[in-house]
Every structure is written in C-alpha cells, then in structure tokens.
Amino acid sequence: NRSFNASTRQTIDYASDYKSFELNYRVKSRLRRDQLIMDANGDWHRAANAGFEREYLAGMRFVNLGETLDWQAFDIQEDQAGTLGNDGRYRIETDNDMIGLQLGGGITYQAPRWSIGFSCRGGVFANDATGQTTLSYTSGDRNDFNLFLKEDELSFIGEARLLGRFHLTPNVSLRAAYEMMFMESVALAPSQATFIPEFAFLNTTGDPFYH
C-alpha cells in the first residue's frame with residue numbers, strides 16, 4: 001500500500017480527551033479531642049491535637065478516554081519521474097469506555113497550622129474500546145480504506161496524590177499538590193497507524209501516564 005513517504009510536507013494534529021464520573025462511599029477518621037491550654041498570662045485557649053487522619057473509599061467509576069490523530073501528507077511523489085501533486089490524509093479516532101469498581105485510601109498528618117497527606121486509589125475496569133481509521137488520497141481511491149475496529153479489554157486505572165496545606169485562618173488555606181494517573185491496556189490513536197488494512201486490529205496495549 002502506498003504510504004506518505006516522498007511527500008514534501010506532513011502535518012499531525014493529536015488530541016486527547018478524558019472524562020471521569022464516580023460514586024464513592026468514603027470513611028474518614030477524626031483527630032483526638034481538642035485540648036485547653038493555659039497561656040503564661042493565665043488565659044485559656046482551645047487548641048487542636050496534632051495527629052494522623054486516615055481515610056478509605058470504595059465505589060463505582062466510569063471513565064472515557066477518546067483520542068484523535070489527524071495525519072496529512074502533501075505533494076506525495078507518485079512515480080520515479082518525481083511527479084508531485086497527490087495529497088493523503090490518515091484520520092484515526094479511538095474511544096475507551098471503562099466502567100468498574102475502585103478502592104482507595106490515604107493518610108494525613110494534621111498539625112494546628114498545616115497538614116500533609118498522601119492518598120491513592122485504583123481499580124480494574126471493563127473497557128469497551130473502539131477505533132475508526134480512514135485513509136484517503138486525492139488522486140484515485142485504489143488504496144483508500146475505512147475501518148471500524150472493536151475490542152473488549154480489561155484495563156487498570158491507578159491514581160495517587162500528595163497534598164500539603166497551610167491554614168492562614170480557620171476558613172482560608174493555601175494548598176499545593178502533585179497528582180498522577182496511570183492507565184493500562186487502552187487504545188491510543190497513534191498505536192493504530194498502519195497502512196496495511198488487511199492485517200489491521202485494534203491495539204489496546206497503550207499505557208498512558210498523566211501528571
């Protein structure tokens with residue numbers, strides 16, 4: 001099959017879209033009871049006990065990951081004489097609909113004015129993965145094809161977060177965090193690029209990492 005070799009210019013537009021909906025049951029522990037402390041001048045004030053807070057969650061989650069790869073080539077050389085003028089376009093769209101159960105937990109050290117905590121969650125999801133690939137040329141259609149591919153897969157999604165907070169007032173806090181997410185066994189658009197439709201299949205071995 002003709003490819004995009006010997007073209008004078010190529011462009012690629014790559015887009016990824018992520019959506020997540022979840023319903024969780026969350027349990028979180030509290031600190032020990034507050035304490036009364038007497039100042040040097042004899043006044044009493046109320047202060048929180050420092051300590052660890054633990055949390056757990058269990059629930060259901062739906063995740064959608066869709067991608068589009070639009071690959072175009074211009075002025076492809078048609079023959080050995082160097083004839084130019086033919087353009088090609090390869091458009092790939094993938095969609096992963098994942099639903100499943102997830103479990104998670106976390107721990108936070110809470111001081112009177114600041115806190116730092118770590119949490120994580122993950123689960124196994126049933127993935128209904130689909131892909132639409134279209135290859136077309138401007139001169140003739142002998143090598144054009146339009147394929148719809150489908151694959152059922154088990155995918156894993158894991159997330160982790162490190163969060164720090166500093167309490168300016170009882171109602172105002174500064175927050176800083178690092179979050180990451182890892183997916184396993186999903187269909188990504190660039191992984192489907194092939195100019196041989198007879199052997200085409202939906203590749204669900206993508207392992208994207210987001211942070």
Side-chain angles (χ1 to χ4, degrees), residues 1-24 57 59-76 86-104 119-139 141-162 177-211:
N1 196 81
R2 291 183 301 174
S3 67
F4 290 170
N5 293 336
S7 60
T8 60
R9 181 169 61 94
Q10 297 186 19
T11 64
I12 292 179
D13 291 323
Y14 180 36
S16 183
D17 184 67
Y18 164 79
K19 301 181 183 70
S20 176
F21 306 91
E22 54 191 287
L23 180 65
N24 296 311
L57 68 84
M60 295 188 61
R61 187 176 187 183
F62 171 78
V63 176
N64 173 263
L65 176 65
E67 293 200 335
T68 302
L69 180 72
D70 195 354
W71 183 5
Q72 298 186 69
F74 303 91
D75 292 330
I76 303 172
N86 185 37
D87 300 335
R89 184 176 188 180
Y90 199 173
R91 184 175 176 86
I92 303 171
E93 297 178 346
T94 59
D95 192 71
N96 300 269
D97 291 326
M98 295 172 278
I99 187 169
L101 301 176
Q102 66 175 359
L103 297 173
S119 62
C120 61
R121 57 181 173 173
V124 177
F125 296 77
N127 182 5
D128 179 24
T130 59
Q132 183 81 37
T133 62
T134 304
L135 177 64
S136 59
Y137 294 90
T138 56
S139 63
D141 58 359
R142 66 184 186 276
N143 296 105
D144 295 358
F145 63 78
N146 189 337
L147 301 176
F148 178 78
L149 305 171
K150 188 177 186 302
E151 186 74 27
D152 293 326
E153 185 65 78
L154 280 179
S155 303
F156 171 80
I157 300 177
E159 291 186 72
R161 178 179 68 173
L162 181 66
Y178 170 76
E179 299 184 19
M180 57 79 68
M181 177 173 62
F182 173 74
M183 293 186 181
E184 187 179 35
S185 300
V186 296
L188 303 179
S191 302
Q192 318 309 321
T194 173
F195 289 87
I196 309 175
E198 291 80 9
F199 301 100
F201 66 96
L202 190 64
N203 187 330
T204 57
T205 61
D207 300 328
F209 173 77
Y210 307 93
H211 68 103

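The model shown is predicted, which means the values in this text are computed figures rather than measured ones. For reference, positions follow the sequence shown, starting with 1.
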* Reference residue Arg89; test side-chain hydrogen bond (donor to acceptor under 3.5 Å, both in side chains); the match among Asp70, Thr134, Asp144, Thr11 ->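 For Arg89, the side-chain hydrogen bond (donor to acceptor under 3.5 Å, both in side chains) test succeeds with only one of Asp70, Thr134, Asp144, Thr11, which is Asp70.
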Testing Asp97, Asn96, Asp17 one by one against Asn64 for a side-chain hydrogen bond (donor to acceptor under 3.5 Å, both in side chains), which residue passes?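 The residue from Asp97, Asn96, Asp17 that satisfies side-chain hydrogen bond (donor to acceptor under 3.5 Å, both in side chains) with Asn64 turns out to be Asp97.
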Exercise. Between Phe201 and Thr194, does a side chain to side chain contact (heavy atoms under 4.5 Å, CB included) hold up when you go through it step by step?
Worked result: CA-CA 9 Å; Phe201 66 96; Thr194 173; over 6 Å; no
Looking at [atom1] of [X] and [atom2] of [Y], how far apart are the two atoms once the value is rounded to the nearest 0.5 Å?
X	Y	atom1	atom2	value
Ser20	Met98	OG	CE	9.0 Å
Arg61	Leu101	CZ	CG	12.5 Å
Ile99	Phe62	CD1	CZ	7.0 Å
Thr94	Gln132	OG1	CD	11.5 Å
Thr130	Glu151	OG1	CD	11.5 Å

Hey, does [Y] have a side-chain heavy atom less than 4.5 Å from the side chain of [X]?
X	Y	answer
Glu153	Leu202	no
Thr133	Phe145	yes
Val186	Pro208	yes
Ser16	Tyr210	yes
Gln102	Asn24	yes
Lys150	Asp128	yes
Thr68	Arg91	yes

Do NZ/NE/NH1/NH2 and the carboxylate oxygens of Glu159 and Arg161 come within less than 4.0 Å?
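Salt bridge between Glu159 and Arg161, a charged N being under 4.0 Å from a carboxylate O: no.
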Practice item. Return the orientation label for the Tyr178 and His211 ring planes: parallel under 30°, perpendicular over 60°, tilted otherwise. Key: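 Tyr178 and His211: tilted rings.
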Looking only at non-hydrogen atoms, find the nearest pair between [X] and [Y] and report the distance.
X	Y	result
Phe4	Leu135	CZ-CD1, 3.8 Å
Asp207	Leu188	N-CD1, 4.4 Å
Trp71	Ala193	CZ3-CB, 4.3 Å
Asp87	Ile76	C-CD1, 4.2 Å
Pro197	Phe195	CD-O, 3.5 Å
Ala129	Thr204	CB-CG2, 4.1 Å

Compute whether any side-chain donor of one residue and acceptor of the other, for [X] and [Y], lie under 3.5 angstrom apart.
X	Y	answer
Asn86	Thr138	yes
Glu67	Tyr14	yes
Ser155	Asn127	yes

**Item:** Working for side chain to side chain contact (heavy atoms under 4.5 Å, CB included), residues Ile157 and Met181
**Value:** CA-CA 7 Å; Ile157 300 177; Met181 177 173 62; 4.2 Å; yes
